[in-house]
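Here the structure comes first, spelled out in structure tokens, and everything after it is commentary.
Residue numbers start from 1 in every chain, and the chains themselves are labelled A, B, ... in the order their sequence lines are given, proteins ahead of strands. Hydrogens, waters and symmetry mates play no part in the numbers below; they use all other heavy atoms, side chains included.
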Number of protein chains: 2
Amino acid sequence: MSAIKYELIKTCKQTGARLGRVHTPHGSFETPVFMPVGTLATVKTMSPEDIKQMGANILLSNTYHLWLRPGHDIVQEAGGLHKFMNWDGAILTDSGGFQVFSLSEFRKIEEEGVHFRNHLNGDKLFLSPEKAMEIQNALGSDIMMAFDECPPYPAEYEYMKKSVERTSRWAERCLAAHKRPEDQGLFGIVQGGEYEELRRQSAKDLVSLDFPGYAIGGLSVGEPKDVMNRVLDFTTPHLPADKPRYLMGVGSPDSLIDGAMRGVDMFDCVLPTRIARNGTLMTSEGRLVVKNAKYARDFGPLDENCDCYTCKNYSRAYIRHLLHCNETFGIRLTTYHNLHFLIKLMENVRQAIREDRLGDFREEFFEQYGFNRPDAKNF
Amino acid sequence: MSAIKYELIKTCKQTGARLGRVHTPHGSFETPVFMPVGTLATVKTMSPEDIKQMGANILLSNTYHLWLRPGHDIVQEAGGLHKFMNWDGAILTDSGGFQVFSLSEFRKIEEEGVHFRNHLNGDKLFLSPEKAMEIQNALGSDIMMAFDECPPYPAEYEYMKKSVERTSRWAERCLAAHKRPEDQGLFGIVQGGEYEELRRQSAKDLVSLDFPGYAIGGLSVGEPKDVMNRVLDFTTPHLPADKPRYLMGVGSPDSLIDGAMRGVDMFDCVLPTRIARNGTLMTSEGRLVVKNAKYARDFGPLDENCDCYTCKNYSRAYIRHLLHCNETFGIRLTTYHNLHFLIKLMENVRQAIREDRLGDFREEFFEQYGFNRPDAKNF
């Protein structure tokens, strides 16, 4: 029996978006869902209680980073990642594949795996499907990801074809190496860049291996938004309706809605936390850069329409002051707000699916947020 | 009627230490008390809820720093410091005098006040008794401090004598300039270095002005601990029994106990928060440097005998990992623990006074903490 189960609650008649529920060994969560990212076993500046309070029941952590620091053996000795970081909700870990391709140097990709030098001290390392499973089994995440190759965007068709085939072979090796299928659900990752034929082939290969869930990888890597939407349009129909679908690395409000409309259930991204540290906020009226001088004497909340801890208790003037003084409590407040914003957005998306009006919701949201304005500063 | 009232509950028969209660416009607190420092209208990394949860009912903030950033006018427009930083407990502000003498450059002390260049951009500034009152009245703290001269340690007798006389004249000007005596209590600051005669003169001058409380300044500036204790021994007897006594800038556990034994009621210091940011902890068994390699696989709490949020939920191994990765949640956890440690220590000091056994408590604490060991690494 798989550790992960997906329950389809209903489909939006207006858009085809799915309302569902994912059950894990550490509780369940409704989908579509946005998962906060806790790269190094901590969502930067947040406590687990903060994350719970804002309504998140699943977070993501990074295999590559935890492998290097503190080491998966230490996390395992601690009793696993949940205990190590004091989080009793669900955890998804990626495979390390993306970081190997984006952070490390001197990569050499072979059939066996990838040789590279790590981004901290340049030490030689080797990551393979088997190693990625070993690390994630030690971490004990509820949802694990298969080790895939993440080609750059754009990539030639011939290169991408070979890469997709290798990713399929690696997925099979991951399944074979996965030691704890009853405790941890392993998701396959569909690759194929912008090529419909390759996405279809990748999906077909992986679905034949019968994973308890499927990710769509290789998007949000620099391609235009319409390319992302087009790829989703021709990829999700090849994924089984009774399994969750996870779009990796996507977290801008417009893309979350557009992804949900194309049948995606799960999303993660460092965007809300990263821009928060720089003082950039997502608000119901669009992007707000709270460090700007015009907020020095603005005693209103970051977002008039927000009921989060930050907006209930603190002013733009105070938060601006903290950020200008490099006081980390300022980053706590902006991080909390941005994560709450996306979690609340997904609550609204789920409600709109319930009411068969996600298309209308999209129009209203884009209008208010300013995504429809030609001068809109998106993320 | 003064904004601040002190209620003497009892005196320890073994030591003469005082158990009391200070009433302010924002609630009351028992003494002896340790006050966390929120330099820039935030106790670094902590939320107001964190501070409340650990049992603090008063915190300190710095006039000099808030004057420069964001400016006292902005804090006043926000509705005062309490509202600006979302803290409904009591607040004490210092006068800026100490920072002018420790942080700024090109000081020129005149009878009117002090000319100096600020530590951020070198701008010329002028601080005087009247200006210090104006700023603190704008901030709206419950307890304000008179503007004093803080001579270096050691200082010649003749210099110190002149300085003490000026500080007394400045204290009188502060009283005259203080615009909100019904909302904010103004404390005088006794100076005089290590000279008994000057401390007595300073106390006499200030007591004749009838402040609602008195601080002892010019200690914890580099002098040996026995000098501090000796100065307290011959200073506190000259302060009225019905007013609170505040020893400025003192926060090492041994000095808190030794100060309480000499009749001090209030203490503040950046020590617990500053060393926490570097990974140094105060524990019931002494100083602990959690970044050390030996804690990499130590899954016990920072302090076996501590029931704080950090110790209940996180291991040394996890906290070490966070600090090594520069994750600010690690500093949140160590800051919380150190502040809780001192607040709990003062709770225990108050209990010992109630039981007329603060002398015994001191011996037990010093023994367990290691202050009696010749190799003890104190703060």
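Nearest heavy atoms, B:Arg69 versus A:His324: NH1-O, 3.8 Å. For the residue pair A:Phe299 and B:Ile74, the shortest heavy atom distance occurs at CZ-O, 3.5 Å. For the pair B:Leu322 and A:Leu40, the tightest heavy-atom approach, listed with the atom from each and the gap, is CD2-O, 4.2 Å.
Distance SG/A:Cys325 to NZ/B:Lys44: 8.0 Å, rounded to 0.5 Å. Considering CG of B:Asp50 and CZ of A:Phe329, their distance stands at 7.5 Å, rounded to 0.5 Å.
Looking at A:Arg332, only its side chain comes within 4.5 Å of chain B, counting heavy atoms on both sides. For chain A, no part of B:His65 is nearby; none of its heavy atoms comes within less than 4.5 Å. Contact annotation for A:Asp298: neither backbone nor side-chain heavy atoms come within less than 4.5 Å of a heavy atom of chain B. Contacts of B:Glu327 with chain A are made by side-chain atoms alone, with heavy-atom separations under 4.5 Å and no backbone atom involved.
In terms of heavy-atom pairs under 4.5 Å with chain B, the best-connected choice from A:Asp73, A:Thr42, A:Val75, A:Val43 is A:Thr42. Comparing B:Thr39, B:Asn86, B:Ile331, B:Leu333 by how many heavy-atom pairs each has under 4.5 Å with chain A, the most go to B:Asn86. Here B:Pro48 is the residue among B:Gly79, B:Ser315, B:Pro48 with the most heavy-atom pairs under 4.5 Å with chain A.
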Would you please test A:Tyr309 and B:Glu49 for side chain to side chain contact (heavy atoms under 4.5 Å, CB included) and show each step? CA-CA 11 Å; A:Tyr309 169 74; B:Glu49 290 78 9; 2.4 Å; yes

Apply the test side chain to side chain contact (heavy atoms under 4.5 Å, CB included) to residues A:Phe84 and B:His321: give CA-CA distance (whole Å), side-chain angles for both, the deciding distance (0.1 Å), then the verdict. CA-CA 10 Å; A:Phe84 186 59; B:His321 159 66; 3.9 Å; yes

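Heavy-atom contacts from other residues, nucleotides or ligands closer than 6.0 Å to NZ of A:Lys52 number more than 12. Crowding of A:Phe98 atom CZ: a count of heavy atoms from other residues, nucleotides or ligands under 6.0 Å not exceeding 12.
In this structure the side chain of A:Tyr336 never reaches within 4.5 angstrom of the side chain of B:Ser47, judged on heavy atoms.
Panel note: side chain B:Tyr318, backbone A:Lys83; no donor-acceptor pair is recorded below 3.5 Å.
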